[in-house]
There are 2 protein chains.
Amino acid sequence: MARTGRPREFDRQAALEAALTLFWKQGYEPTSLSQLKEVMGGISPTSFYAAFGSKEQLFEEVVELYRSTEGRVADVLFDEETSPRSAIERCLRQSAKMQTDPSHPLGCLIVSGASNCGSTADQVVELLRTVRKKNHEALRGQIRRAVAIGDLPDNTDIDGLTEMFGTFLVGISTAARDGAKSSDLDRSVDHIMRFWVEA
Amino acid sequence: MARTGRPREFDRQAALEAALTLFWKQGYEPTSLSQLKEVMGGISPTSFYAAFGSKEQLFEEVVELYRSTEGRVADVLFDEETSPRSAIERCLRQSAKMQTDPSHPLGCLIVSGASNCGSTADQVVELLRTVRKKNHEALRGQIRRAVAIGDLPDNTDIDGLTEMFGTFLVGISTAARDGAKSSDLDRSVDHIMRFWVEA
DNA sequence: CTACTTATGTATCGATTGATACGGAAGTAC
DNA sequence: GTACTTCCGTATCAATCGATACATAAGTAG
């Protein structure tokens with residue numbers, strides 16, 4: 001690793017995970033450097049900027065960490081080996097379960113991590129929006145595939161169905177933060193999938 | 001009105017409406033006093049605090065204004081003279097239409113107005129959450145009523161259905177802010193209502 | 001040892017935050 | 001007219017924001 005120079009005295013990975021938890025709970029803008037430095041092991045501002053560049057760069061790194069861990073619940077939307085119906089259903093169920101899990105903050109970092117932001121945080125807002133749009137397009141891809149392989153009729157309203165699932169998916173974050181029960185959310189997935197009888 | 005003293009030189013109602021637009025667009029915390037004073041007619045800090053008390057009190061007044069105007073789309077959830085199915089459907093359709101209307105900011109002030117907030121804004125977060133919970137309970141009331149009058153079967157999963165509609169409803173705000181088309185959202189309401197064939 | 005590299009701690013930067021102090025201006029009441 | 005009330009404008013408050021300067025400590029390379 002570090003070939004030369006004074007070795008780092010804090011655990012960079014642990015600090016990153018602590019930052020994830022704080023950003024997840026509070027969102028990007030209201031999370032201050034003071035809070036970050038504190039949860040990241042009480043590091044000094046110099047250490048913070050040397051290791052992470054800036055608050056914004058840290059957040060970008062945090063988003064990557066989130067996507068590669070808890071955020072993986074959305075990956076199944078990109079899976080073309082599962083049936084479309086099953087891919088969507090699993091995404092919704094796993095998202096609902098993950099976002100109500102009390103072992104970490106409630107809701108979704110991608111949806112709620114930068115929802116109220118001033119103009120100084122435009123880049124961060126766009127970063128998260130880009131991730132959401134990718135998920136939305138993956139959702140649309142699954143619906144399209146379902147029509148293509150005959151799991152849904154040819155005259156299916158692809159955009160309308162995509163919007164139904166997509167709107168429900170992003171709604172889970174607010175619902176979870178408002179205290180929705182995991183079991184209620186799971187059964188709500190039963191209902192939203194109910195019209196779709198697998199071929 | 002003002003019986004005595006120097007008369008106000010700015011239009012209080014117009015200032016309140018301008019504040020609503022700004023809060024709606026940016027959210028509570030990232031909206032600064034400087035921005036508010038500017039859009040509210042370029043008033044001075046003294047005039048601001050004399051007329052509205054504080055940023056937080058202004059926001060509370062703004063929420064009341066919103067609820068009595070654009071926010072009325074949720075009122076139908078409290079209407080027991082409409083059929084339950086129709087009440088829910090109208091709420092969803094009107095919310096989707098209103099929140100994508102380009103004549104004002106996108107999304108919903110109640111859902112997105114204070115989603116990322118620091119601990120100094122706890123009261124504001126709770127205020128909006130309380131409104132959302134009331135709407136959620138009204139939704140549950142409509143489902144309950146549907147079962148009671150036989151529009152839905154006796155063994156209906158009331159909490160699961162409530163969560164499905166409630167999660168979709170709060171999702172509209174994020175969907176609208178992400179650029180969802182009004183027509184797609186309207187058709188997504190077709191789909192989410194589809195399982196429910198009015199008696 | 002010296003040279004170099006990297007991390008650390010303290011002290012502080014300019015800008016902005018929400019909120020006030022204070023004096024004066026503009027109206028009504030008598 | 002004077003007294004009283006309400007509002008306005010300027011100047012400014014302490015606190016906090018994200019970010020840096022500067023000197024020093026702790027390691028490797030030769």
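Below, chain A is the first sequence line, B the second, and so on; all start at residue 1. Every heavy atom of this structure was used, including side-chain atoms; hydrogens, water molecules and symmetry mates were not. Since the model is a prediction, treat every value here as computed from it, not as a measurement.
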Check every atom of [options] against the side chain of [X] and return the nucleotide holding the closest atom.
| X | options | value |
| --- | --- | --- |
| B/L33 | C/dA19, C/dT8, C/dA26 | C/dA19 |
| B/S34 | D/dC7, C/dT8, C/dT17 | C/dT17 |
| B/S32 | C/dG18, C/dT6, D/dC8 | C/dG18 |

(request) Could you say whether B/R8 or B/P45 is positioned toward the 5' end of DNA chain D, judged by the nucleotide with the nearest heavy atom to each? (result) B/R8
(message) Pick the closest DNA chain C nucleotide for B/E9 and for B/S54 by heavy atoms, then say which residue is nearer the 5' end.
(response) B/S54
Would you kindly give the [atom1]-to-[atom2] distance between [X] and [N], to the nearest whole Å?
| X | N | atom1 | atom2 | result |
| --- | --- | --- | --- | --- |
| B/Q35 | C/dA19 | CD | P | 15 Å |
| A/K55 | D/dT16 | NZ | C1' | 12 Å |
| B/D11 | D/dC7 | CG | P | 14 Å |
| A/M40 | C/dT8 | CE | P | 11 Å |
| A/R6 | D/dT28 | CZ | P | 13 Å |
| A/I43 | D/dA25 | CD1 | P | 21 Å |
| A/Y28 | D/dG18 | OH | P | 8 Å |
| B/Y49 | C/dC22 | OH | P | 17 Å |

(request) May I ask you to say whether A/E137 pairs ionically with A/R140, meaning some side-chain N is under 4.0 Å from a carboxylate O? (result) yes
(request) Using a strict cut-off of less than 4.0 Å between a Lys/Arg side-chain nitrogen and an Asp/Glu carboxylate oxygen, indicate whether A/D190 and A/R187 qualify as a salt bridge. (result) no
(message) Just checking A/E38: does its CD atom have more than 12 heavy atoms from other residues, nucleotides or ligands closer to it than 6.0 angstrom?
(response) no
(request) Taking the six-membered ring of B/Y28 (Phe, Tyr or Trp), confirm whether the NZ or CZ of B/K55 is under 6.0 Å from its centre and within 45° of its axis. (result) yes
(request) Kindly confirm or rule out a cation-pi arrangement of B/R12 over B/F10, judged by NZ or CZ under 6.0 Å from the six-membered ring centre and within 45° of its axis? (result) no
(message) Whether A/S44 contacts C/dG9 is assessed here as follows: a side-chain N or O lying under 4.0 Å from the phosphate OP1 or OP2. Is that the case?
(response) yes
(message) Is the phosphate of D/dG27 approached by A/T4 (side-chain N or O, under 4.0 Å from OP1 or OP2)?
(response) no
(request) May I ask you to say what A/T31 touches in the nucleic acid, namely base, sugar-phosphate or nothing, with a heavy-atom cut-off under 4.0 Å? (result) sugar-phosphate
(request) Give A/F10 one of three labels, base, sugar-phosphate or nothing, depending on what nucleic acid heavy atoms sit under 4.0 Å from its own. (result) sugar-phosphate
(message) I'd like to know if B/T46 reaches the base of C/dA21 with its side chain such that a donor and an acceptor end up less than 3.5 angstrom apart.
(response) yes
